[in-house]
Structure formats: C-alpha cells, structure tokens
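Reviewing the structure listed below.
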Amino acid sequence: MEKWEVYAEGTFNNMRGNIHNWNRSFDDKRKISRDFYYGVFDAGNPNPLGLISEQALENQLTKKYRLNTWDHYHSPQFVGRMIAENPDKYLEDYEAFKKIFLVCTQQICVTKKENENLSFLTAPDKEDYKVLVPTNLKYNHLGIKLYQRQEGKVRWKDSYPIDTNILDIPEDLLEYEKRYLVS
C-alpha cells in the first residue's frame, strides 16, 4: 500500500466514524472537515501535476525557493465538507472517496503571497461558509498564470505556459460550490 493510500483509508475511517456528529455543532463540522484536510496534507504529493505559477517560476529560476510553497488547489477542507454532506456517495463507497482524496492531494507550486491570496477566496465562519470564486476560476481571478513542466524533465526551467482553465475539477465539487457561492 502506498503512503497516500494509508492516509486515504485512515481519513475515510475517521470521517465515517464521526459523521453522525456532523450536524451537532460548528466544532463538529470543523473537526470532521479538518480530518479530510489533514489526511490530504499528510499524504504528500503522490500524483504531481508539474504546475507552477509564473511568479513562483521566476523565484525558482533566481534561486529564491523560500518564497514559494505548494497550494492544494481543491481546498481540501471544503471538499471534506462536501464529502460529509454527501455521505451516501463518499462514505459508503471507499473507491469514490479514494478517487477524490487522490485528486485533492494534487498541488501547484505558487508564491507564499499567491497562496495567501488563494486562501481568502473561501471564507468559513460559525454561521455559514462562503466561496467567493469557484475553484475552476480562482487562478484566473487572481491573475495567476500557470506553467507546465515538460514531461520527463525535473527542472522548472523547461516549463511552458498553459491555460489555467484546463485544471481538472470534479463536477461534484463545482456543483456543490454553487450552494456557497457569493455573487
């Protein structure tokens, strides 16, 4: 079993074991959705996209590595909410859970400032949850241009620009986000 699968299975079991408390309180919702976030975070980057923002690429090329970080572009805590609110689909079918878990481990190299700005596009609070920009539009919304590392290459210098709209976003997530989207 690969490392990410260990975390996927453990996260699945944690969420299933606690889902009966989902509607009990804000703290329960936060705890259960954070279980998904921590599982994804701890699983690492087993399915790398090879994507980097233009600014992070510039930092890489000028050896300013410490200014960069990795962004889980699917917002794992929000996906954890989606899973908890659709337990019949995701917590009764481990294969469906495992598939979305693996997708959520995917990361894009961005600057720390870009990562911070991306985090402001979702706003959880005790009353509700707000999504300011849908997942498939958030990089464009912030003017973040993405570059793809050439297949088989390990260095970012061989990257080329791509359309940020090609990111693979699960249709379930885009549909779920509409409930929380602030116009």
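Values below: every heavy atom of this structure, side chains too, minus hydrogens, waters and symmetry copies. Along the sequence shown, residues are numbered consecutively beginning with 1. What you are looking at is a predicted structure, and each value in this text was computed from that prediction instead of being measured.
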Quick one: does Glu58's side chain get under 4.5 Å of Lys64's, heavy atoms only? no
Is it true that a side-chain atom of Arg149 and a backbone atom of Val154 form a donor plus acceptor pair closer than 3.5 Å? yes
Taking NZ, NE, NH1 and NH2 as the nitrogens, is one of them in Asp27 or Lys31 under 4.0 Å from a carboxylate oxygen of the other? no
Just so I know, are the side chains of Met15 and Ile32 near enough to count as touching, which here means a heavy-atom distance under 4.5 Å? yes
Suppose we call two aromatic rings close when their centres sit under 6.0 Å apart. Are Tyr7 and Tyr38 close by that rule? no
Identify, with sequence neighbours excluded, every residue that meets ring pair (Phe, Tyr, Trp, His ring centres under 6.0 Å) alongside Phe78. Tyr129, Tyr176, Tyr180
Please list all pairs meeting salt bridge (charged side-chain N to carboxylate O under 4.0 Å, His left out) that have one or both residues in residues 133-146, counting only residues at least two apart or in different chains. none
Report the residues that fulfil salt bridge (charged side-chain N to carboxylate O under 4.0 Å, His left out) with Glu9, sequence neighbours left out, ordered by chain and then residue number. none
Minimum heavy-atom distance His141-Leu121, with the two atoms named: CD2-CD2, 4.0 Å
Heavy-atom nearest pair, Ala43 first then Thr105, reads CB-CG2, 4.0 Å
Test of understanding: with salt bridge (charged side-chain N to carboxylate O under 4.0 Å, His left out), list the residues that count as partners of Arg34, not counting sequence neighbours. none
For the residue pair Asp28 and Trp22, establish whether any side-chain heavy-atom pair is separated by less than 4.5 Å. no
Do the side chain of Gln107 and the main chain of Thr69 share a donor and acceptor less than 3.5 angstrom apart? no
What distance do Gln55 atom CD and Ile144 atom CD1 have between them, rounded to the nearest 0.5 Å? 9.5 Å
Qualifying residues under ring pair (Phe, Tyr, Trp, His ring centres under 6.0 Å), relative to Tyr94, sequence neighbours excluded: Phe12
Atom CG of Asn59 and atom CG of Asn68: how far apart are they, to the nearest 0.5 Å? 4.5 Å
If you take all heavy atoms of Gly80 and Ser33, which pair is closest and at what distance? C-CB, 4.2 Å
From CG (Asp35) to CG (Asn14), nearest 0.5 Å: 5.0 Å
Quick one: list whatever passes ring pair (Phe, Tyr, Trp, His ring centres under 6.0 Å) with Tyr139, sequence neighbours left out. none
To the nearest 0.5 Å, tell me how far Cys109 SG sits from Gln60 CD. 5.0 Å
Test side-chain contact (heavy atoms from CB on, under 4.5 Å) applied to Val103 - qualifying residues, sequence neighbours left out: His74, Gln106, Pro170
Verify the cluster assignment for Tyr65 and Leu67: are they in a single hydrophobic cluster under the rule of side-chain heavy atoms below 4.5 Å apart? no
To which residues is Leu61 joined in a hydrophobic cluster, defined by side-chain heavy-atom contacts under 4.5 Å among Ile, Leu, Val, Met, Phe, Trp and Tyr, whether direct or through other members? Ile52, Leu57, Trp70, Tyr147, Trp156
The single option from Tyr37, Phe41, Phe36, Tyr90 passing ring-ring contact (aromatic ring centres under 6.0 Å, His included) against Phe101: Phe36
Salt bridge (charged side-chain N to carboxylate O under 4.0 Å, His left out) involving Asp93 - partner list, sequence neighbours excluded: none
Do Val6 and Val40 sit in the same hydrophobic cluster, where Ile, Leu, Val, Met, Phe, Trp and Tyr count as joined when their side-chain heavy atoms come under 4.5 Å apart? no
Smallest heavy-atom separation, Pro76 atom then Cys104 atom, equals CG-O, 4.3 Å
Rounded to the nearest 0.5 Å, how far apart are CG of Asn18 and NZ of Lys29? 15.0 Å
Which residues pass the salt bridge (charged side-chain N to carboxylate O under 4.0 Å, His left out) test with Lys98, not counting sequence neighbours? Glu5
Sort and list the pairs that fulfil salt bridge (charged side-chain N to carboxylate O under 4.0 Å, His left out) and have at least one residue in residues 71-80, not counting sequence neighbours. none
Is there a path of hydrophobic side-chain contacts, each under 4.5 Å between heavy atoms, that joins Tyr160 and Leu51? yes
Does one side chain, of Glu114 or Ser53, offer a donor that lies under 3.5 Å from an acceptor on the other? yes
Looking at NZ of Lys112 and CZ of Arg66, how far apart are the two atoms once the value is rounded to the nearest 0.5 Å? 8.0 Å
Test log, rule side chain to side chain contact (heavy atoms under 4.5 Å, CB included), inputs Gln77 and Thr122: CA-CA 10 Å; Gln77 188 168 353; Thr122 55; over 6 Å; no
Scan for salt bridge (charged side-chain N to carboxylate O under 4.0 Å, His left out) pairs involving residues 169-183, sequence neighbours excluded, and state none if there are none. Glu85-Arg179, Lys89-Asp172, Glu175-Lys178
Correct closest heavy-atom pair for Ile108 and Leu49 would be CG1-CD1, 4.0 Å
Quick one: closest heavy-atom pair of Pro46 and Leu102, and the distance? CG-CD1, 3.8 Å
